[in-house]
Structures are given as C-alpha cells and as structure tokens.
There are 2 protein chains.
Amino acid sequence: MELDKRKLRILQAIIDDYIASAEPVGSRTIAKKYDMGISSATIRNEMADLEEMGYLEQPHTSAGRIPSDKGYRLYVDRLMKVKGLSIAEAKYIKDIYAKKTNQLEQVILQTSKLLSSLTNYTAVVLGPKMDRVLIKHIQLVPIDKRCALLILITNTGITKDAVISVPEGIDEDYLYRISNMLNHLFKDKSIEDIKLEPLLKIQRDMVQNRQFFNSLIDALTTSIDVSDPSEVYLGGATNILNYPEYHDIIKAKEFFDLLEQKEFLYKLLIRSESSGVSVTIGQENQYKELQEFSIVTATYNMGGKTIGTLSIIGPTRMEYSKAISVMDFMGKTLSNYLTQLFMD
Amino acid sequence: MELDKRKLRILQAIIDDYIASAEPVGSRTIAKKYDMGISSATIRNEMADLEEMGYLEQPHTSAGRIPSDKGYRLYVDRLMKVKGLSIAEAKYIKDIYAKKTNQLEQVILQTSKLLSSLTNYTAVVLGPKMDRVLIKHIQLVPIDKRCALLILITNTGITKDAVISVPEGIDEDYLYRISNMLNHLFKDKSIEDIKLEPLLKIQRDMVQNRQFFNSLIDALTTSIDVSDPSEVYLGGATNILNYPEYHDIIKAKEFFDLLEQKEFLYKLLIRSESSGVSVTIGQENQYKELQEFSIVTATYNMGGKTIGTLSIIGPTRMEYSKAISVMDFMGKTLSNYLTQLFMD
DNA sequence: GTTAGCACTCTCCCCTGTCGAGTGCTAATT
DNA sequence: AATTAGCACTCGACAGGGGAGAGTGCTAAC
C-alpha cells in the first residue's frame, strides 16, 4: 500500500486534532472540520489503511483512531508545520536573558522555569559539563581549628567545595602554601587534565601529614567528579498533571518518582551530543519507564563547544511543533548568552 | 458536659483507628476492636457527646465519625502514646550520620531524604540561617579578562558566590588587594555585623573604578541576603500521593504547586524559633492553603544556637506519635552532628 | 447508667437500558 | 475504479433503580 498525498493529509489532520483534544478522532470529525472535499466514508477507508500500515491505532472497536508512535514519527519528520515562535514570545525570552544575573546556577534554573512555562511540559536542564571547563583557582580556607574548606573555581563561575578536617599541628600559613602549590599545579588546566600523580608524589614525601593529604586528595577527586547529578535542574514538574492521560494517580506517581532520580535523568540526557534539536517518541526511548513520554532535547554551547543539554518531557501527544521551536530558540539564546558572558 | 476518662479513651481509640484506616470509624468497630467493656450503643452515646463537644465530625448522617482538628489537638496534647524510635531505627539514623560527608549541603539534603523515608510524609528542611554564622573568608578570583568571582565562605562551610564584571584596567594584583581589604574588614564578623559603610567610604575615595565598586557592593549584598529561598530542601514530595485523601488530582496539584513556591515554604518555616518539636494541625495554620495539612516542626542548632528548621507535612490524619518521635530524634542528632563537625 | 432492638439514612455497587459516536460492509453512483 | 450513501453493529458513557451494608439515633427494658 502506498502513502499518497491524501493519506498524509488525513494523517496530519488526525494527529493535529488528537494533539489538541486528547480524544480519539473519528472519520466524521475529519470530514467536517478539515474540509478535505471527500466524505466520511472515504476517510474511513483511508483510516483503515493507515491503521493497517501502523500509523494509527484503535483503542477499541467502535472508537475513533489515535496516532501510534510510528504515526507521530512520520508527523514530526514530514508532516508537521513548524511555526516559529511568535515575535512576542521571542522578545519575552530575550528580555529575560537581557538582565544578566551573575550566577550561572541562576541562569540554568531560570532556563528550566522558562522552558516549562513556555511549553507547559516538564523541563529538565543539565548544568554545564565540567570536562571542558578550566580551573581558575583552588584554595584551602581555614574555617576553624579542625576544619578547612577546599574551594575550586572554574572559568564558568562554578564553584565546588568540600570541607576537610585538618590535624592539630597545621596552621593557616601551611594551608596557604598548599593552596599555592595546588594553584601552581592545576591553574588553567581543564578538569580532564588533572592528574593526581603530582599530588601523590608530593604526598609520598610528606610522611608527616599523610592523613591530611589523603582527605585532601579525596575531596579533590569528588569535587571534580564530572558526572554530578546535582547539576540536574527541573522546571514545571507538575505540568504533567494538566494532561488527562496522567490524571491517573499511579501514572502520575511513577512520573514524579522518575523525576526524583536525578542520576537517571542525568544518564538519560548526557548522551545527547549532536547539536540541534532531537525528538524521542514513546517506545523509541530505550528506557521502559519513559516509553509513554516524548522527549525533546537540544544542546547549548559556549564558544561553539557543546557543554550542556536542555530538554522537555511530555506526553507522546505533544505539541511537537511548538516544542521544537521553543527548544531550538532557547538552545541558541542560552548559547549566545553564555558565550558572551564568559568568553572574550 | 465533661470529658471523663471513658470519653477520652473512646476518642483515642477512634483517632488511632482513623489514622490507620482513613475510614470513618463506627461505634461497633470500637466496641469490637478495642474491648472497652461497654456495648456499641453506649459508645454511640459517648460519640454523640464527643461530636457535640467538637472533637469529632460526621461526614454524613449514617457514616462513622472522623476526628476534627480540635480532636487531633487533644490527641496530640494528652492522649497519644509517644512510642520512641525503635532501636533499629535509631541505629539506622546514627549510622547514616556516622559517615561524615564534608559538604554541608549534602548533610541537609540527606536529612530531608531521611525524614521523608522514615515518616512517609513530605520533608521540608531549611538550611542554616546565615545570621548567626561567621565569615571566614572573602575573595575575588579572576576568571577571565572581564569577569571575576566573588566568593564568601562561612564557618559552616557554606560558600556563596557571584560573578561580577571587571573593567579593563584592573589586574589580578588589584583584585588581590581588594580581597585583602575585604577580609580585613569582614573576617570573623557575623553577617549581621557587616555594615556597608566602610566599603562605601572607600568607594567614595575611589572615583576611578566606581562602576566596579558598585557591582562589587551589589554582589556582596545579594550574597549575604539572609532570606535565601534556595536554602529550602525537599524530600519525598510524592509521598503525599500514597494517602487516599490526596488521590484527587486537583488536591495533589495544589500541594505540589505549593511545594514549588520555595519562598512561601521559607516564610512558613522560618518563624519557628522555639526549640523542641511543635505541631500545627489543619486549621490552626494561618495559611488557607495548608489548612488540610498538619505540619510537625523541629529545630536544629549548632553549639546551642538554633540555626535551622526541619519539618514534615502530611495529612491531618497523621501518625503524630511516630512523626514527633522522628522529628525530635532527628533534630537532636543533626544538632549533635553539626556541633561536632564545626565547633571546638 | 447501660444495653438490646429497631427503624431509618446514606453510600456503594451492581445491573440495566438508553444514547451517541464511530466503525465496517455493501450496494449504488459517478 | 473510486467514491459515497446507507445501514447494521459495537462499544463506552451515563443515568436510574434496587439491594446490601454500615452506621446512626431513639426508645424501652434491664
């Protein structure tokens, strides 16, 4: 069987309608609302064909049709009319980024809020990956007699810190010297370049404060751990409750429990390397837990290097057109913003 | 009418039963399950009295009784048997705090997770208040030609940071000198003691880099802003979905939307100053949005000074006994932990 | 003061019938 | 050969009715 123009047009109408209404779409609806110039009977025949080809499904015998994942895929790839953002929306976004905050975390958080409010889906944003980031400063600051704070500052303005305990005999001056040494070793190096060998070497010589060095190295290694799930930012988690397909408490709870697993989200999204917007529909997702959702992902970069991921999660019955426009625009806007803010 | 012993005993049985079952409790249930030595008819009479006195309510004519907020209050104040934590639970908590993390944020986050998993309610934990906290270090770290990071470190190991832009003519050395000056002015001062006057004075003299000083002062003021809602940590937000009274999507959404308003939660909880555990039941809460919930709050301290708040939010049909035990124990354990970690 | 007994009330659940939306098939039309 | 009108059929949603069950309040007896 062939997918001729008319079939495509009908499929498009059905999906458009279903995305808007969440109700199975009948042949008569299509004939009336989207004047095709053919009768409902003809449309019925076409719909039967489309179902046979796997683009539509029937919840039960005498209901209308709903799109299958395969149908949505065709829709996204070939049928959907991508309407860009309205001028007002674009301006709204630009305005928000225009007032510069001076905390990167705030920017990311704001991005997730913005995404969720623009799309009405749940936004998940990954903070910038550490591995392309340079270390600008390392310092040990004494906090009290037994504790010091190790701080690590990157050129993106992110700080990492860890409390380490300090043995009795160590004074402020000693810490200061170690800070200098650390800075000397690691300043302007990228995180991947940090090798612990130089430190370990020094440690071997310093029999005296071995314990202290152990905890120092410990703190440093956990600080630079690249896969830090604390860098997962959520926006509009409850948006999913607006959609009738998740009015079932059990499904809703499953979704929320998923969102609480930051490590899972991190693993899910970190892989998207390709720049541009990508769409994963329902069962295309490798994780069973997400096969009733669609995910739209974009990346953001700094000076051309991809450093993070934006995404939204919603029902497979998603407004793909709007979603893709928003993600595309936001990815670019955020990239520009970061590039301007942190690069010369 | 008088609240004699028998009435109290019946009220207690009703509330115990209702907390466990979430179903209106009938006279026959009480007579059978809690052998009182009196018949259901007598209990019926007593229940009618208790309702008249305002301790019980009837959802409709021929249903059993449910406790009113006033009933719960009496229960919490006089009837409830506080069973302390089991030895296993206490050990479980102690074990978790035994492995010291070196990041305060991790400790607070862990506390919220622990609270929610122990009680099955939603935990809200406020991070340590800044106003009793001492500044240990302030520094300006250059990030690139146009940016520097202002870091502020407290004796609790919390860092605050902000990116500020740096005008062309300023070199690393100049930043270093300013860092020294800031340290000199503010080191070992509490946040409340920070007066901007000395800075402003200097600023007046330094006509040259006025713009820079402006943004520096700006960043400093926002960093030390005491009422920072980012210090609100949630645990087990979806626990509420386990309780039948919130199987209604609309109620559930209201609750989640509430939790997203971090500022609101902050305002709600920051007031609890009294040490020990306090309970707010349903309509006792001043905020309408929370009058279908009960909140159990405890405080934690460091070296005797109250610096933060733990709380759990659940249905008014809460297991008060368990909740209060857990909150009490956790408040003390966290206080001990923090005191040991950061004080001498 | 307590209790057995009884009439009454109200919810829940199941069953039933009806309505409407939608289908698939067939036969007639273009 | 494609399209369409017509029709029988299917299924879910919804409303109404009736019985079961849980619980109450009242009264009269203990």
Side-chain angles (χ1 to χ4, degrees), chain A residues 1-11 13-15 17-18 20-68 71 244-245 247-248, chain B residues 1-11 13-15 17-18 20-68 71 244-245 247-248:
Chain A
M1 204 157 350
E2 215 183 325
L3 260 182
D4 55 23
K5 272 225 150 145
R6 195 172 68 181
K7 281 197 176 57
L8 288 176
R9 216 179 133 208
I10 291 174
L11 184 60
I14 292 172
I15 297 183
D17 203 81
Y18 186 69
S21 71
E23 301 284 337
V25 184
S27 54
R28 212 162 148 265
T29 313
I30 299 299
K32 262 197 305 186
K33 281 214 295 209
Y34 301 80
D35 58 354
M36 303 258 155
I38 48 180
S39 78
S40 67
T42 311
I43 292 174
R44 272 203 290 288
N45 291 328
E46 297 286 45
M47 281 164 82
D49 290 351
L50 285 167
E51 183 175 359
E52 207 181 312
M53 287 187 270
Y55 297 110
L56 293 177
E57 287 168 1
Q58 220 173 356
H60 54 84
T61 334
S62 73
R65 301 303 207 291
I66 61 174
S68 67
E245 39 270 76
H247 278 192
D248 174 23
Chain B
M1 206 157 350
E2 215 182 326
L3 260 182
D4 55 23
K5 271 221 151 146
R6 195 172 69 182
K7 281 199 175 56
L8 289 176
R9 218 179 131 205
I10 291 173
L11 183 60
I14 292 172
I15 298 183
D17 204 81
Y18 185 69
S21 71
E23 300 285 334
V25 184
S27 55
R28 214 164 144 263
T29 314
I30 298 299
K32 263 198 305 187
K33 280 215 294 208
Y34 301 79
D35 58 355
M36 302 258 154
I38 47 178
S39 78
S40 67
T42 310
I43 292 174
R44 272 204 290 289
N45 291 329
E46 297 287 46
M47 281 164 84
D49 291 351
L50 285 168
E51 183 175 358
E52 205 180 316
M53 287 186 269
Y55 297 110
L56 294 177
E57 287 167 0
Q58 220 173 354
H60 55 85
T61 334
S62 74
R65 301 303 206 292
I66 62 174
S68 67
E245 40 270 75
H247 279 193
D248 175 21

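Labels below follow one simple rule: chain letters A, B, ... track the order of the sequence lines, proteins then strands, and each chain is numbered from 1.
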Interatomic distance where [atom1] belongs to [X] and [atom2] belongs to [N] [whole Å]:
X	N	atom1	atom2	answer
I66(B)	dC10(C)	CD1	C1'	16 Å
I10(B)	dT24(D)	CD1	P	12 Å
R28(B)	dT3(C)	CZ	C1'	15 Å
H60(A)	dT10(D)	NE2	C1'	10 Å
E52(A)	dT23(C)	CD	C1'	15 Å
E23(B)	dG21(D)	CD	P	17 Å
L56(B)	dG23(D)	CG	P	14 Å
Q58(B)	dA22(D)	CD	P	17 Å

For the atom pair CG (D49(B)) and NZ (K7(B)), what is the distance rounded to the nearest 0.5 Å?
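One gets 4.0 Å once the value is rounded to the nearest 0.5 Å.
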Working to the nearest 0.5 angstrom, can you tell me the gap between I10(B) CD1 and L50(B) CG?
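Those atoms lie 6.5 Å apart.
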Open item on the list: With a 4.0 Å cutoff (strictly under), does any side-chain N or O of T61(A) reach OP1 or OP2 of dC11(D)?
Closed with: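 Result: yes.
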*Compare the minimum distances between each of dT11(C), dA21(C), dT2(C) and the side chain of S62(A), then state the nucleotide with the smallest one.*
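Out of dT11(C), dA21(C), dT2(C), the nucleotide with an atom closest to S62(A)'s side chain is dA21(C).
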Nearest-neighbour nucleotide for the R65(A) side chain, dC11(D), dT9(C), dT23(C) considered: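 Nearest listed nucleotide: dT23(C).
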Give me the residues of residues 37-47 of chain A where at least one heavy atom lies under 4.0 Å from an atom of DNA chain C, by number, or none.
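Per residue number, the list reads R44(A), M47(A).
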For the student: nearest non-hydrogen atoms of [X] and [Y], plus distance:
X	Y	value
E245(A)	A22(A)	OE1-CB, 4.3 Å
E57(B)	S68(B)	OE2-CB, 3.5 Å
Y18(B)	P67(B)	CD2-CD, 3.4 Å
R65(B)	I14(B)	O-CG2, 4.3 Å

* Just by distance, do the side chain of S40(B) and the backbone of A31(B) share a donor-acceptor pair under 3.5 Å? ->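 Checking the backbone N and O of A31(B) against the side chain of S40(B), no donor-acceptor pair under 3.5 Å is found.
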